[in-house]
Chemist: 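This is the structure I want to talk about, given as structure tokens.
Proteins come first, then strands; the chains are lettered A, B, ... in the order of their sequence lines, and each starts at number 1. The figures that follow rest on heavy atoms only: side chains count, while hydrogens, waters and symmetry mates do not.
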Amino acid sequence: MATQSVSRKFLTMNDLEKNYNPKRTEDKIYEMWEKSGVFEPKIESSKKPFTIVIPPPNVTGSLHMGHALNNTIQDILIRRSRMKGVPTLWVPGTDHAGIATQNVVEKELAKLGKSRQDLGREKFAREVEKWVQKYGDIIIGQLKKLGCSCDWSRQRYTMDSDYVEAVKAAFLHYQEKGWIYQGERVINWCIRCQTALSDIEVEHRQVDGKLWYIRYQIQKSNLKNQNENVKLKNYITVATTRPETMLGDAAVAVNPDDKRYESIIGQTVIIPIVNRQIPIIADQSVDPKFGTGAVKVTPAHDPSDFEIGERHKLASIKVIDETGKITQIKPQGFDFTGQKVLEAREKIIAELESQDLLEKIQDYTHQVPHCYRCGKKIEQLLSKQWFVKMKKLAEPAIRAVEKGEIKFVPERWEKVYLDWMKNLRDWCISRQIWFGHKIPIDGIDDVLDTWFSSALWPLAVLGWPKKTDDLAYFYPTTVLSTARDILYLWVARMIFSGLEFTGQKPFEIVYIHPTIFNIEGKRMAKSLGTGVDPLELIDKYGADATRFGLAYINTGVQDIRFDEKAIIAGRKFANKIWNIARFTILQMQNDIVKFKIELKTDDDKKITQSLNHLIASVNNDLDNFRFGQAAHSLYDFIWHDFADGYLEASKKEKNPEILLYVMVTTLKLLHPFMPYVSEEIWQKLYEQKLVAEKLLISAKWPEAG
RNA sequence: GGGCGCUUAGCUUAGUGGUUAGAGCGACUGCUUUACAUGCAGUAGGUCGGGGGUUCAAAUCCCUCAGCGCCCACCA
């Protein structure tokens, strides 16, 4: 509470607008904060810092509602921590997002009828650079509009020069450990993007397909030992969803315990059309209950077939190339070379039918892999790529979470993380796209998976591999707030990277925020016309309204059906607060203010008691990431207890000190949620010498007494 | 095939064992009450998805069924 001041220049009604006006407030206030230097923490070695690194938005486009929610959450945590007097750092930045950004630039070029190949690498790189510059700036501008109190002096980009060094250092480190290797195996290949993808960059979508039952002739000379079940048959039937891959079959596999086929294991069958001889083999991985219990094995085009192939030393015959066309496999009398997969499939089916080798066709709905960036079907094919061995990296990452050193909020995500981490395959890190970090090996012109660089974010932004003061003081960071869809792609990889390179976890708490859907429960997407632009909301209702509305509906649920009504309620609330302040300020001028808290009436006692409860519950809620609950308590107290109750009553029985005390305290509690209106009011109070601290953003946070 | 989440008033939802289940928006009825009509005072509207159980007491805990959504998985 401020000390008594004798010389106050009283404001009149006209000095305070009747309604809160965000547009006349926000930019002015933000500039004031920025100039004051409060966003940039000072290192105080005696105090434990509070650090957040922003999940760097992709420079593919502007921010969406998920970003608005996540950055509101982070700013709430940051502002509260700062007000508590803790050295508080929020590192901002952007991600080059290799494949995603390359794709959006390619889409732009396509509008002009051009491809990246038309431009060539150099010109294309310049186009990408222009895009990155433009959208990088847009994103930073949006974060500022939202009111994010990031330390802009520490702003980073995943391809700035220091970051390139960090990526190199990480790669070399893995190499020295012997964890980087080049291998030829079946990987996910996007025909449109022309690159390999890791397993988690593939989306499985349900597709209505067919199951074709095809007869493979058993070699006549081997038919002597037939048993009861196959006595009358001279063929074995396999079921497949991809008949065209039979061009590359290397075996027919059955389960070793499958009595039906016991007697013919080891015999030879002839692939129809291809006329090549392949063995019938027994492999544990075959499910006797599916289809006929016999499966054609195509090691070059299916990861599990590849493994069967390795176990049985089968040849891998690549029949589909990187453009999604049939290779120069020329069975006698046929030539499918250069034909698209579906085209070849049709011809093969027709030929099988004419040879009476197609037993039946079933409708079959199954999961088919698609590219997570361009949405096109993935081909699984044999390819030489670079991998990181995961076993040694996963172990400490599992332990850190199991021992509770890293906690997930909500807790249930811990299990999701661990399940994935315990069943990791090696990480395919090479990409054949043009935009990204070059693999630091001479003569290799591939780039790295964009997530290889994102995985280093918490350490790289603080200076690693250099031993900087920032790294020593602000690492490990405190909270990582993010969306659930990048739990594996990003969060898991930051955990093992952080532990490997520093021996310390990258963050203490992973907060997984709700996903925002539209009111029908559908994904918000610009392309579907279901997106809501947070900037438009800020323009219409103000940043505070947008932030408060988002915080208010974030009650810890998994999904949010976004309803603009919440933001409208936020706007009204901002206005309500403004008017409470207006009333209070005018009240202060009419009465002598002693700045001494004296509880005279029952109303005084009641309101200060409720306020104390409010402080306790807001603190408790925020300690536990219960943003919605905290917002609800603030709303209910301020509107109903304070305005409808105490303020009305105070018109009859005056106690301006209490009025001011409650006002000032609620402004502090509200500031992380609604920084602009609260600071704007604070400035009026400061001018009136009704508060002592110059800025609310750095005023002392209330604790329950 | 595994796992997770959700189902409360017309809409979006709060509420994790305890008096007549709250709010915002919408609807309706009054109010130019010396801050706010972005307001104030009220009214109507809910068998808390169905069924079963535990308990003195269940929207809340357990089981089960149904619907919606998400994630993982080498049934080709």
Chemist: Apply side chain to side chain donor-acceptor pair (under 3.5 Å) to Glu26(A) and list each qualifying residue two or more places apart in sequence or on a separate chain.
Modeler: none

Chemist: I'd like the P distance from G15(B) over to A9(B), given in whole Å.
Modeler: 15 Å

Chemist: Hey, does the Lys NZ or Arg CZ of Arg493(A) hover above the aromatic six-ring of Trp427(A), less than 6.0 Å from the centre and inside 45° of the axis?
Modeler: yes

Chemist: Who pairs with Tyr488(A) by ring pair (Phe, Tyr, Trp, His ring centres under 6.0 Å), at least two apart in sequence or on another chain?
Modeler: Trp420(A)

Chemist: What residues, two or more places apart in sequence or in another chain, satisfy ring pair (Phe, Tyr, Trp, His ring centres under 6.0 Å) together with Phe517(A)?
Modeler: none

Chemist: Only counting residues at least two apart or in another chain, list the ones meeting side chain to side chain donor-acceptor pair (under 3.5 Å) with Arg571(A).
Modeler: none

Chemist: The criterion is ring pair (Phe, Tyr, Trp, His ring centres under 6.0 Å); which residues satisfy it with Phe673(A), sequence neighbours excluded?
Modeler: none

Chemist: Is a donor-acceptor pair below 3.5 Å formed from side chain Lys651(A) to base A35(B), judging by atom type as modelled?
Modeler: yes

Chemist: Test: salt bridge (Lys or Arg N to Asp or Glu O under 4.0 Å). Region: residues 245-254 of chain A. Which pairs qualify, not counting sequence neighbours?
Modeler: Asp249(A)-Lys296(A)

Chemist: Base contacts versus sugar-phosphate-only contacts with protein, heavy atoms under 4.0 Å: please encode nucleotides 4-14 of chain B as B, S and - from 5' to 3'.
Modeler: SS------SSS

Chemist: Looking at Tyr20(A), is its backbone amide N or carbonyl O close enough to the side chain of Asn575(A) to form a donor-acceptor pair, meaning the two atoms are under 3.5 Å apart?
Modeler: yes

Chemist: Base contacts versus sugar-phosphate-only contacts with protein, heavy atoms under 4.0 Å: please encode nucleotides 38-43 of chain B as B, S and - from 5' to 3'.
Modeler: BSS---

Chemist: When Watson-Crick pairs (N1 to N3 and N6-O4 or O6-N4) and G-U wobble pairs (N1-O2 and O6-N3) count only below 3.5 Å on both distances, what is the dot-bracket string of RNA chain B, with | for other-strand pairs?
Modeler: (((((((..((((....[...)))).(((((.......))))).....(((((..]....))))))))))))....

Chemist: Between protein and nucleotides 73-76 of chain B, what N or O pairs are separated by less than 3.5 Å?
Modeler:
residue: C75(B); atom: O2; partner: Asp287(A); partner atom: OD2; Å: 3.3
residue: A76(B); atom: OP2; partner: Tyr364(A); partner atom: OH; Å: 2.4
residue: A76(B); atom: O3'; partner: Thr241(A); partner atom: OG1; Å: 3.3
residue: A76(B); atom: N6; partner: Asp287(A); partner atom: O; Å: 3.0
residue: A76(B); atom: N6; partner: Phe290(A); partner atom: O; Å: 3.0
residue: A76(B); atom: N1; partner: Asp287(A); partner atom: N; Å: 3.3

Chemist: Under the salt bridge (Lys or Arg N to Asp or Glu O under 4.0 Å) rule, collect the residues that match up with Asp485(A), sequence neighbours excluded.
Modeler: none

Chemist: Quick one: list whatever passes ring pair (Phe, Tyr, Trp, His ring centres under 6.0 Å) with Phe408(A), sequence neighbours left out.
Modeler: Tyr417(A)

